S.K.: 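Pasting a structure here, questions to come.
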Amino acid sequence: MTSDLTEFAASLPKAELHLHLEGSLEPEQMFAFARRNKIDIPFNSVEEIRAAYDFSNLQDFLDIYYQGMGVLQTEEDFFDLTMAYLKRSRADNVRHVEVFFDPQGHTERGLPFSVAVDGISRALAEGEHSLGVTSKLIMCFLRHLSEEEAFETLKQAEPHLDQIAGVGLDSSEVGHPPSKFENVFKAARKQGFALVAHAGEEGPPEYVYEALDLLKVDRLDHGNRSLENDVLVSRLAKEQMTLTVCPLSNLKLCVVDDMRAHPLKKMLDLGLRATINSDDPSYFGGYMMDNFTAVIEALDLSKDDIRTLAKNSFRGSFLSEVEQAAHLAAIDAA
Ligand code: ADE
Ligand code: ZN
């Protein structure tokens, strides 16, 4: 039965709504980019890199993640990184992606803002043309930095408004509540950006409330800890707020101790609009279908649940209703 469900999940068109492009940097690519950019990295082999991916919380991971992205230097690097991710995803029948990048992780290292955004955009256009994968790009503010620095980033994005559809909030959650970024999200909203924020990954339900009420997000990234507050759960279900859930990430970062304790099934049973996503696939053990396979093996998901998850991924996307309808019809027909 498990493998039947996995095959069914693989056959459905899906969208990915929570993916950090820098987190798709595979160890092999890290070596290749380091070599061609003549950058020293503190690892001697792919095995050594993978062995270092042993995290006990979000910060452990972020320390390695920011170090890893240091090998990304040129527009070509960002193009190659993005193309590789799109090819991997297309193999899992992912048809639409809304991907994050962390501009401040690159401008802080002295790269011009345009290097990342131009390389990524060129690959996204090529991916739509050659793979049939449509896309939107979301730039995230790093929440461990100040709101003033987020405003600078928003300013740098001005010449690139046609390339960037949304604004997000990521990095170290605890101690950096959404309220810290209320003004910059208000400005981004005025400029017409779609809005998302990581909330309730490690942070408490109050952070989820702040993301909803102060940042006025269109979608919540993670949201796991919302389940600690029944009133919040009812509201999320009533508003059909999309949660971009990341099962393998949750396991690797010890948000859950065991996949069998993952709240995904509970979220669906509560009527929450949960979706499955890979977050940082190279660091957490896999892409879209690896995540589906892990939850199918661990949780008592039905065929209807799988169909709902695929549908939720399009319903929660920033595609137009007409664009969503075509994908939803294809899922119904499967
Ligand atoms: N940056 C990349 N992945 C992240 C995650 N899961 N949470 C917060 N910030 C991130
Ligand atoms: Zn994330």
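Numbering of residues begins at 1 and proceeds along the displayed sequence. Read the numbers this way: they start at 1 and go in the same order the structure lists the ligands and their atoms. What you are looking at is a predicted structure, and each value in this text was computed from that prediction instead of being measured.
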S.K.: Taking just the N, O or S atoms of D279, which one is nearest to the Zn ion (ligand 2)?
M.R.: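 The Zn ion (ligand 2) is closest to the D279 atom OD1, counting only N, O or S.
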
S.K.: Among H20, H106, H144, find the residue that satisfies the ring-ring contact (aromatic ring centres under 6.0 Å, His included) test when tested with Y66.
M.R.: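 One option only clears the test, and that one is H144.
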
S.K.: Examine R95 relative to F314 and say whether NZ or CZ is less than 6.0 Å from the centre of the six-membered ring and inside a 45° cone about the ring axis.
M.R.: no

S.K.: Are L17 and I276 in one and the same hydrophobic cluster, where Ile, Leu, Val, Met, Phe, Trp and Tyr link if side-chain heavy atoms are under 4.5 Å apart?
M.R.: no

S.K.: For atom 3 (N) of ligand 1, which protein heavy atom lies nearest, and how many Å away is it?
M.R.: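 I find the closest protein heavy atom is D280 OD2, 2.7 Å.
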
S.K.: Counting each atom of ligand 1 from 1 as listed, which ones have a heavy atom of H222 under 4.0 Å away?
M.R.: 6 (N)

S.K.: Would you tell me which option among H20, K252, Q59 has the nearest heavy-atom contact to atom 10 (C) of ligand 1?
M.R.: H20

S.K.: What I want to know is whether D279 and ligand 1 share at least one N or O pair that is separated by under 3.5 angstrom.
M.R.: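 Yes: some nitrogen or oxygen of D279 is under 3.5 Å from one in ligand 1.
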
S.K.: Taking the side chain from D213 and the backbone from E210, do they hold a donor-acceptor pair closer than 3.5 Å?
M.R.: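 The answer is no, because no donor-acceptor pair under 3.5 Å joins these two groups.
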
S.K.: Can you check whether T242 reaches T275 side chain to side chain, under 4.5 Å on heavy atoms?
M.R.: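 In short, these two side chains touch, coming nearer than 4.5 Å.
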
S.K.: Run the contact test for S171 against ligand 1 with a 4.0 Å cut-off on heavy atoms, strictly below, and give the result.
M.R.: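 S171: in contact with ligand 1 (<4.0 Å).
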
S.K.: Which ligand 1 atoms does E201 reach within 4.0 Å, using its non-hydrogen atoms?
M.R.: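 Per the distance check, 5 (C), 6 (N), 7 (N), 8 (C).
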
S.K.: Between S282 and D280, do the side chains contain an N or O donor and an N or O acceptor separated by less than 3.5 Å?
M.R.: no

S.K.: If we count only N and O atoms by modelled type, under 3.5 Å, do the side chains of Y85 and E16 hold a donor and an acceptor together?
M.R.: yes

S.K.: Is the Lys NZ or Arg CZ of K303 less than 6.0 Å from the centre of F8's six-membered ring, within 45° of the axis?
M.R.: yes

S.K.: Is ligand 1 under 4.0 Å from a heavy atom in the side chain of E22, in the backbone, in both, or in neither?
M.R.: neither

S.K.: With the threshold set at under 4.0 angstrom, would you say L62 reaches ligand 1 through any of its heavy atoms?
M.R.: yes

S.K.: Heavy-atom pairs closer than 4.0 Å: do any link ligand 1 to the side chain of F100, the backbone, both, or neither?
M.R.: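 The answer is neither; F100 stays 4.0 Å or more away.
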
S.K.: When you draw lines from the Zn ion (ligand 2) to NE2 of H20 and to NE2 of H18, what angle lies between them, to the nearest 10°?
M.R.: 110°

